[in-house]
Enquirer: 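Pasting in a structure now, in structure tokens, and then I'll have a few things to ask.
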Amino acid sequence: MRKFLLFFFISFSVFSQSEYPQDYFRSPLDINIVLAGTFAELRSNHFHSGLDIKTKRVEGLKVYGIADGYVSRIKIAHFGYGKALYVTHPNGYTSVYAHLQKFNPEIENYIKGKQYDKESFEIEIFPTAEELKITKGDVIAYSGNTGSSSGPHLHFEIRDNAERPINPMLFGLDVKDTTKPIISNVYAYPIGANSHINGSNKKQNLRVIPQKNGDYKIEELKAFGTIGFAIATLDKQDLAANKNGVYNISTYYNGNQNLEIDFKRFSFAETKHLNRLIDYSHFKENKERLQKLFIEENNPLSIYNNIIDNGYIKIDDTTSSVYKAKITDFKGNETNLDIAIKGENKLPNDSKEEIITQHYIQHDLEAELEAEKFKVNFYKDTFYDSFFIDFSVNNDTLTLHKPTIPLRKSFTISYDISNYKEEDLKQLYIARLIGWNNWPSYASTKRKENVLSTYTKDLGTYVLARDTIAPTIKAVNFKNGSWLSKYRYLKVKIDDKGTGISNYRATVNGKWILMEYNYKNKTLTHDFNDAVVTETKNKLKVIVTDNVGNSTTFETTFFRK
Ligand SMILES: [Zn+2]
């Protein structure tokens with residue numbers, strides 16, 4: 001039975017290699033595909049779920065439906081994907097287009113109707129298969145820079161019928177790439193107290209020696225015990241300098257494969273576990289993402305294949321051995337790293353420093369820490385590893401370790417405010433101190449009777465803070481009493497210094513008008529082509545509220561004919 005099952009799974013995975021149709025989808029743009037980001041490249045707390053296609057530094061390029069189908073989802077958000085369109089195809093795949101400037105007129109008209117019904121710029125709609133049909137090659141939208149995008153580009157995804165993003169390159173998109181991946185850094189990790197690398201029990205930065213053919217070597221290591229490696233690697237394409245992610249990393253010990261990291265497909269449920277792949281504390285301290293070529297316990301990532309000894313190697317005698325990492329990009333350009341290792345049976349000269357505190361967190365149990373007005377609740381499996389946590393409270397300041405440990409899930413911080421006067425309570429919130437100047441950054445705070453709480457994934461320093469400053473609102477392209485007959489847009493600038501903007505609402509003569517919010521230039525924009533401003537004399541009223549409820553109302557009059 002067991003043998004049969006094994007055979008079944010092997011044949012299934014071989015089948016799945018050839019399952020991606022090659023001529024079904026066209027390109028979403030009609031320009032050469034140049035990538036600013038590759039599939040599954042390492043980002044902040046996630047793997048990149050698609051391709052970032054460069055749009056010649058401009059917005060407004062035509063975006064095409066890559067195959068027949070129907071619009072199955074439209075989402076407009078201030079952050080994240082900004083304006084995004086999802087098209088479901090008859091073969092079960094869904095294509096996703098994000099950071100769009102606008103949709104085609106039919107879709108634009110459809111979604112504006114929904115926005116006016118809901119009286120909200122931010123919206124998410126799942127149209128039926130009959131509502132917005134797409135034919136392959138239709139212009140469905142225009143490329144843009146909306147949401148959390150730092151320059152004009154098209155974020156493009158293909159997802160399978162289980163909503164898992166797949167590398168779109170597998171479907172035959174073409175990118176010019178004859179450039180080999182680059183290795184910028186290599187580290188070696190002695191595992192356990194008695195292992196050593198060049199005599200040390202601590203993680204070692206190895207000197208990388210580039211070879212003429214693009215490969216890399218490391219000077220022979222002397223080592224003993226169980227060890228593992230991590231590398232910083234990136235790939236460039238031919239037509240741009242962007243530093244992108246690689247496609248595959250395979251490691252070999254004395255010629256036998258002992259680990260493969262493969263980025264063909266992943267699920268959104270596992271994407272946060274990127275923080276288990278990278279050396280997280282190294283990233284927090286050095287802003288460099290080292291990919292560990294070994295698998296620690298409690299690692300749920302599905303990107304590993306051909307695993308021998310979890311990618312670790314054991315050096316237990318004085319024979320010479322060779323560890324090799326082969327890194328490839330999607331086009332098969334290959335870079336090799338060779339590490340010669342000589343066994344040296346001796347005890348390390350030093351030992352890893354372990355910080356011991358009063359509070360030990362057992363990762364598979366829940367834990368509660370309490371001091372003065374602060375209480376911290378960790379749930380089961382909040383962390384990957386058990387560790388001694390640094391926890392202390394000094395008046396309104398909570399020190400909760402350093403943000404150098406990755407979390408699997410969020411935890412709760414609460415603060416008892418019953419000592420505060422009722423009139424002050426409203427403006428209190430929990431803030432996390434960030435940056436070199438310890439700026440108090442608003443942590444989404446809920447109040448239940450006399451307890452404030454925040455649900456967060458960040459360790460660090462928290463304080464109780466107070467926001468007494470209301471948002472500001474300013475007209476941008478008009479003055480009170482202006483005639484705006486020839487104007488296409490009405491623009492207002494909104495800002496908030498303390499906790500940030502929670503919501504905004506604009507009306508003309510009491511009727512809600514759609515204003516698109518762009519957090520990057522802090523501007524609300526109304527398009528008069530919506531044709532909802534129909535009278536000559538118009539009273540504009542804009543109300544903006546911050547995250548603790550401080551509110552500002554702006555009123556003005558303009559005329560149109
Ligand atoms: Zn992207």
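Order of appearance sets the numbers: ligands from 1, and atoms from 1 within every ligand. The residues of the chain are indexed from 1 along the displayed sequence.
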Enquirer: Testing the 3.5 Å rule here: is there a donor-acceptor pair between the side chains of Ser184 and Tyr216?
Expert: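 No, because no side-chain N or O of Ser184 sits under 3.5 Å from a partner of the opposite role on Tyr216.
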
Enquirer: Tell me which N, O or S atom of Asp52 sits nearest to the Zn ion (ligand 1).
Expert: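 Looking only at N, O and S atoms of Asp52, the one nearest the Zn ion (ligand 1) is named OD1.
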
Enquirer: Distance alone, cut at 3.5 Å: any donor-acceptor contact between the side chains of Asn298 and Asp385?
Expert: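 No, no side-chain donor-acceptor contact under 3.5 Å.
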
Enquirer: Side chains of Phe263 and Phe47: closer than 4.5 Å at any heavy-atom pair?
Expert: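 Of all side-chain heavy-atom pairs linking Phe47 with Phe263, at least one is under 4.5 Å.
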
Enquirer: Is His155 close enough to the Zn ion (ligand 1) to have an N, O or S atom under 2.8 Å?
Expert: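 Yes.
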
Enquirer: Taking atom types as modelled and ignoring hydrogens, do the side chains of Gln237 and Asn244 form a donor-acceptor contact shorter than 3.5 angstrom?
Expert: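 Judged by distance alone, the side chains do pair up.
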
Enquirer: Has His48 got an N, O or S atom lying less than 2.8 Å from the Zn ion (ligand 1)?
Expert: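 Here the distance criterion (N, O or S atom, under 2.8 Å) is met by His48, so yes.
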
